[in-house]
Novice: 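Supplied in structure tokens, the structure appears directly below.
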Number of protein chains: 2
Amino acid sequence: MSQSPKSPTPPTPATGPSPLTPPPPVPTSADVARLAGVSRATVSYVLNNAEAVRISEPTRLKVRRAAEELGYVPHAAARSLRAGHTRLVLLPTSHVPVGPLYSAFLNELQWALRRLDYTVVQYGSLGLTGDEAARAWAELRPVAVISLGEITLSAHNVATLKRAGARAVITMGPDGVPGAHALVMDQQEVGARAAAHLVERGRRRIGVVVPEEDGLELFSAPRLAGARSVAGADVETFPMAYTEESAAALAARWRRLGRDAAFAYNDEYAMLLMRALQDEGLAVPADVAVIGADDLLLGRLLRPRLSTVRLELPTGDHLAELVDRAVREPSELTRRHDLMTAVAVHREST
Amino acid sequence: MSQSPKSPTPPTPATGPSPLTPPPPVPTSADVARLAGVSRATVSYVLNNAEAVRISEPTRLKVRRAAEELGYVPHAAARSLRAGHTRLVLLPTSHVPVGPLYSAFLNELQWALRRLDYTVVQYGSLGLTGDEAARAWAELRPVAVISLGEITLSAHNVATLKRAGARAVITMGPDGVPGAHALVMDQQEVGARAAAHLVERGRRRIGVVVPEEDGLELFSAPRLAGARSVAGADVETFPMAYTEESAAALAARWRRLGRDAAFAYNDEYAMLLMRALQDEGLAVPADVAVIGADDLLLGRLLRPRLSTVRLELPTGDHLAELVDRAVREPSELTRRHDLMTAVAVHREST
DNA sequence: TTGAAAGCGTTACCAT
DNA sequence: ATGGTAACGCTTTCAA
């Protein structure tokens, strides 16, 4: 411990909190062992409640007390390095304002997975390409990846993840990715239900309102495609930003567009548009029917009450169980699973 | 390169895919080294673009090609174990439907941190106690924790995290936690602005609408306290759930409550209540003034347009920079930082 | 310019 | 019943 006179950061023992950030040592299981007067193995046994070996009660107590005193917390990285695998479930998110349904669903899912003893981690992946994202995720060696559609995964990306040890890669969306467990939460269904509802009520010339905002295409595109797929529906698309101005601009030219109905990406856009149309002097639903999607509570506050398409998401527990099964028996879940249904809710705006 | 488009065919013996889930080996840097005919050290140098050492271009190419072919992705845990520290920033979330502002803010923050070369991970912590959460987070050895208030951290919890190597623990909320870097995003300010706005406009008997839902107390309680703190405000609280029924029930007894103004937890609750009051035959703002918070776009769609309190959140870049500074120089940022301001926005409902 | 070896914190096997 | 030891994958001196 001799101190060099030239060293700019002298390892001086006597100085208190040095200005030059002396990184305080993190207690390890070896420290606990030393303090408790036992071996590291014993510490491990005690702290992990190992059944295979019998440790005397006094020893257990000593170890526990030492760990407590040191504030010892095991090092997850070291543990999983040794174990050769993790219990990490990666949940890529892009934080698109995707609504309370989705939030509630994510919550449920996290809880359910945690109950199954997985560590759930959300990885913000906004703006990453599939390749970048797959690499970044793979570095963490997750046992499962649940990609809810914010990122489009290629077959190659899925392969990367699997090679990195992921036992289950679950994608949502209409198209199953080769190698992944496709979990069909088909947004097309939403558009199809909306358009069908409108057609049933005698509206055929449907204007589909598509968000101008980035990051929503993955939801809006299939919804649009679904609307297009409905027989008898004459669909035209209109981009609109999530602002009053954009809505007003679209409403101002609505009469000239010759559309007798509007299907907006979701209820928020629908509300915005409906208000703008009304301010423009058009009667809803007489002049133009308006339907949204997601069944937001706030949509019922406008007059007329907003018709919508409600999504029946799978329960978090259901999906969690599916994930767990896929992890334990990867070959099992290669087929597609349909989990989402959509149903049009008629209120007053259609 | 006459390679089949199929799998790279690992040097497995003759056994095909066994039914008993043989975990396929994850390629390591040793595998890359072997394939490239170099040492593991060289692989590390090449793949990390080590400046200190000069590797010949042909060698670099060989290594890169081998890594590519094997689909090698470094093992983050092993790397940080060796390094003795991580670049992991933990962002506990509870997924309360906290609004688009917040989502946008989180997005910004993630981006900014990623630009600073941190790995940002959200850890769903809904329903965990402070102790459980702190332990779980500490296991991941994050270099920083940004707790946005969903979990109340005790001084002991902060100590746990710091002992586990966290160089910065940032909490938001009015009360700084000892040992943490307090980042004051004081929700009290919101309530104070709302109440002051109402008092200014001659309303003193303010009914504060508090959500019945769990998990929102951490936001609603300080907002209420802020309203109480305003001189001249006579505050009474009314719990309300986020349903039309609950709003209608509250509205039905509103006349008897003798309140000439309502301040709702946020714009969503305010919209719900305002509609219910109107349906009950009360005039807004003549009979009762209504103000919300968060300045949601949808609040402008009702008539009268909803007055609100707008939050000026710090930019993600700003907070990210603060975190980075705290990480690099932990002693620096022990003082409180005020980052949030609130301002009442008068529209038509007050 | 490249290779050999040590060591990060854990746990599982094998001795005692 | 407990302790020594090897190994997980990676980076980084040090030596050739």
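Worth saying up front: this structure is predicted, and the values here are computed from it rather than measured. Labels below follow one simple rule: chain letters A, B, ... track the order of the sequence lines, proteins then strands, and each chain is numbered from 1.
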Novice: Using whole Å, what does the distance between atom P of nucleotide D:dC8 and atom CG of B:Asp31 come to?
Specialist: 11 Å
Novice: Using a heavy-atom cut-off of under 4.0 Å over every strand shown, decide if A:Ile55 touches base, sugar-phosphate, or nothing.
Specialist: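 Touches sugar-phosphate only.
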Novice: Which whole-number value in Å describes the distance from B:Leu140 CG to C:dT10 P?
Specialist: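 Distance, rounded to whole Å: 13 Å.
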Novice: For B:Thr42 and A:Ala77, find the nucleotide of DNA chain C closest to each by heavy atoms; which residue's nucleotide sits nearer the 5' end?
Specialist: B:Thr42
Novice: Rounded to whole Å, please give me the gap between CG in A:Leu61 and C1' in D:dA1.
Specialist: 17 Å
Novice: Using whole Å, report how far CG of B:Leu47 lies from C1' of D:dG9.
Specialist: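 It works out to 13 Å between those atoms.
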Novice: Grab the NE2-P distance between B:His75 and C:dG9 for me, whole Å please.
Specialist: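 The distance from NE2 of B:His75 to P of C:dG9 comes to 16 Å, rounded to the nearest Å.
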Novice: Between A:Arg79 and C:dT11, is there a contact of a side-chain N or O with OP1 or OP2 at under 4.0 Å?
Specialist: yes
Novice: When you measure from the side chain of B:Arg141, which nucleotide among D:dG3, C:dT10, D:dG9 comes out closest?
Specialist: C:dT10
Novice: To the side chain of A:Leu81, which of C:dT1, D:dG9, D:dC10 is closest?
Specialist: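 Shortest atom-to-atom distance from the side chain points to D:dG9.
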Novice: Under 4.5 Å between any side-chain heavy atoms of B:Gln122 and B:Gln110, yes or no?
Specialist: yes
Novice: Going from CZ on A:Arg64 to CD on A:Glu69, what distance comes out if it is rounded to the nearest 0.5 angstrom?
Specialist: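 Rounded to the nearest 0.5 Å, the CZ-CD separation comes to 16.0 Å.
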Novice: Is there a side-chain contact between B:Ser80 and the phosphate of C:dC8, meaning an N or O under 4.0 Å from OP1 or OP2?
Specialist: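 No.
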Novice: When the distance from NZ of A:Lys62 to C1' of D:dG3 is rounded to whole Å, what number comes out?
Specialist: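 To the nearest whole Å, that distance equals 13 Å.
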Novice: Rounded to the nearest 0.5 Å, what separation is found between the OG1 atom of A:Thr93 and the CG atom of A:Leu148?
Specialist: 9.0 Å
Novice: Contact class for B:Val38 vs. all strands (heavy atom < 4.0 Å): base, sugar-phosphate, or nothing?
Specialist: sugar-phosphate
Novice: Got a second to check how far A:Leu109's CG is from A:Thr315's OG1, nearest 0.5 Å?
Specialist: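 That separation rounds to 9.5 Å.
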Novice: If you measure from the Lys or Arg side-chain nitrogens to the Asp or Glu carboxylate oxygens, is any gap between A:Arg135 and A:Asp131 under 4.0 Å?
Specialist: no
Novice: Any side-chain N or O of B:Ser29 under 4.0 Å from OP1/OP2 of D:dT11?
Specialist: no
Novice: Write out a two-atom table: protein N or O, nucleotide N or O from nucleotides 12-16 of chain C, distance below 3.5 Å.
Specialist:
unit_1 : atom_1 : unit_2  : atom_2 : d
C:dA12 : O4'    : A:Arg82 : NH2    : 2.7
C:dC13 : N4     : A:Tyr45 : OH     : 2.7

Novice: Which whole-number value in Å describes the distance from A:Glu139 CD to D:dC10 C1'?
Specialist: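 It works out to 12 Å between those atoms.
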Novice: Is the phosphate of C:dC8, meaning OP1 or OP2, less than 4.0 Å from a side-chain N or O of A:Thr28?
Specialist: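 No.
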Novice: Side-chain contact test, heavy atoms from C-beta onward, threshold under 4.5 Å: evaluate it for B:Trp111 versus B:Val120 and give yes or no.
Specialist: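 When only atoms from C-beta onward are counted, B:Val120 and B:Trp111 do not touch, as no gap falls below 4.5 Å.
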Novice: Are side-chain heavy atoms of B:Trp137 and B:Leu153 found at a separation under 4.5 Å?
Specialist: yes
